[in-house]
Structure formats: C-alpha cells, structure tokens
Amino acid sequence: MFSRIKQRFNDMGTIKALCERAEYHALQDQQSEPGAEHFLLAALDLPDGTARRAFARVGADASDLPQAIARQYAEALRPLGLDPRLSEQLAQGQEPLPRNGGTYAAAPSGDHVMQALAADRASHRPLLGADVVARVVDLREGVAARALRMMGVDPDALKAAAEAEGDAFRQASKH
C-alpha cells in the first residue's frame, strides 16, 4: 500500500513537470495553451529519458522535433495564401508569451493527451515520458502528427518503441 501511495505522489510530480514544460513550449510558440505537440516536447524534457530513447529506437532524432513543429505552423499559412517564411520572420525577436495566471488550461489536443494519461493511471505503474509519446501518437491529426510524418516517423512504430522503452525502464527499476 505504501508503494502505491509513493507512486501516486511521484506521478503527481511528473504530471506537474510535464504540464509546466508543455506550457513553457507553448508560450515559446506564442500560444497560450499547450497542444499535443507541446506535451510531446515536454516528454522529451522529462528526466527518465524514455521519450528520447523511443525516438532513437525508430531511428529518429528527437532534437529535430522542434523544427518539424515550427515547419507545421509555417505550412499552416500556405492555404491562407501567405508565404510560410512569414512565420519565421514574425517569430524572430519575439518574446515568449507571459505565463498564464489562474487555472491551468490546455488546447483540445493537449487536453486529450492529459485525459488519455489519466485514464491509463489505473495501471499503477510509474508515469514516464514514453507514456506521453504513446498517447500523443494515438492522435493521427494535428500539428504533432504532421510533424512526426514530416520527420519520417511511423506513428505505429513510435508507439511500439515507446511502449517497449517504458516496459524496459520499469523492468530495470524493479531490480
């Protein structure tokens, strides 16, 4: 029973760190609410390292993700008849948005990720960056999905890699 309470306490710390980093990434992108792509970036920041290792398992460089996300934002301008380079020009020299005050809020895709993580908590296993990756790749549309496709990452392969990384980490931490 004590180990279950301890695990829930640790998971609360992980969720806090995940949400703070997701918000940080969103504010850097001039967005007030983090989306799935920001939670994916935040998962890469978690100290367990499982999210980065999941990317490595599929031959992808996780450090390419921010640029792929930025390209997705820029490409969103094309259907509006605007030059995607305009996004880069506007972003240059811009300060991040200030932190939100009050209640934490995520964009719909970010909220979906958090709800999926919460639903998965019944397993009573430690929450890892790999778990976040597995939930984000379940979303097949949106900025995160398009950025992963741009990187040449197969979402099913990344999900399998994330699950394998999570299992390996948990198995190693038992010993």
Side-chain angles (χ1 to χ4, degrees), residues 14-15 17-46 50-91 94 96-97 100 103-123 127-167:
T14 302
I15 290 168
L18 180 69
C19 289
E20 286 174 349
R21 289 304 294 172
E23 181 179 47
Y24 167 83
H25 288 294
L27 295 173
Q28 295 297 312
D29 285 338
Q30 302 295 308
Q31 297 181 35
S32 60
E33 297 178 336
E37 65 276 16
H38 302 114
F39 281 96
L40 188 55
L41 290 168
L44 296 172
D45 295 340
L46 291 177
T50 57
R52 286 193 177 278
R53 288 193 300 276
F55 272 80
R57 277 185 185 237
V58 297
D61 185 349
S63 63
D64 292 340
L65 184 61
Q67 292 80 19
I69 290 170
R71 285 195 306 267
Q72 292 312 298
Y73 293 142
E75 287 300 317
L77 298 175
R78 193 177 303 279
L80 301 173
L82 300 173
D83 186 342
R85 292 175 294 191
L86 179 63
S87 175
E88 294 171 20
Q89 292 168 356
L90 292 173
Q94 288 220 1
L97 291 179
N100 298 327
T103 307
Y104 186 85
S109 65
D111 190 48
H112 178 83
V113 171
M114 291 304 294
Q115 287 179 14
L117 289 171
D120 200 28
R121 295 308 342 127
S123 66
L127 177 63
L128 303 170
D131 298 321
V132 179
V133 172
R135 298 296 77 78
V136 170
V137 298
D138 282 340
L139 297 170
R140 299 304 170 112
E141 297 300 324
V143 173
R146 289 190 304 273
L148 290 171
R149 282 193 297 267
M150 181 173 274
M151 291 174 63
V153 175
D154 177 318
D156 294 325
L158 183 55
K159 182 173 183 167
E163 290 170 347
E165 258 319 307
D167 291 344

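This chain uses plain numbering: 1 for the first residue, then up along the sequence.
- Under the salt bridge (Lys or Arg N to Asp or Glu O under 4.0 Å) criterion, Arg57 pairs with Glu165, sequence neighbours left out.
- Within the model, atoms CD of Glu141 and OG of Ser109 stand 12.0 Å from one another, a figure rounded to the nearest 0.5 Å.
- Using a 4.5 Å cut-off on side-chain heavy atoms (C-beta onward), Leu117 and Asp131 make contact.
- Once rounded to the nearest 0.5 Å, the distance linking CE of Met150 with CZ of Arg71 reads 5.0 Å.
- Qualifying salt bridge (Lys or Arg N to Asp or Glu O under 4.0 Å) partners for Asp156, counting only residues two or more places apart in sequence or in other chains: Arg140.
- Taking the salt bridge (Lys or Arg N to Asp or Glu O under 4.0 Å) definition, one finds that Asp138 meets it with Arg135, Lys159, sequence neighbours left out.
- Between the side chain of Asp29 and the backbone N or O of Gln31 there is no donor-acceptor pair closer than 3.5 Å.
- Here the shortest heavy-atom pairing between Ala22 and Ala42 reads N-CB, 3.5 Å.
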Inset, instruction - Applying side chain to side chain contact (heavy atoms under 4.5 Å, CB included), run through Asp45 and His25 and close with a yes or a no. - result: CA-CA 11 Å; Asp45 295 340; His25 288 294; 2.7 Å; yes

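- Closest heavy-atom contact between Leu139 and Val113: CD1-CG2, 4.0 Å.
- Atom CZ of residue Phe55 and atom CG of residue Leu65 lie 5.0 Å apart, to the nearest 0.5 angstrom.
- Remark: Arg21 is positioned above the aromatic ring of Tyr24, its terminal NZ or CZ atom under 6.0 angstrom from the ring centre and at most 45 degrees off the axis.
- Pairing each heavy atom of Ser32 with each of Leu27, the nearest pair is CA-CD2, 4.3 Å.
- In terms of heavy atoms, Ala60 sits closest to Val153 at CB-CG2, 3.6 Å.
- Side-chain contact between Val132 and Leu40 is absent, with no heavy atoms from C-beta onward closer than 4.5 Å.
- Nearest approach of Pro66 to Leu41, heavy atoms of both residues: CG-CD2, 3.8 Å.
- Looking at every heavy atom in both residues, Pro34 comes nearest to Ala26 through CA-CB, 3.6 Å.
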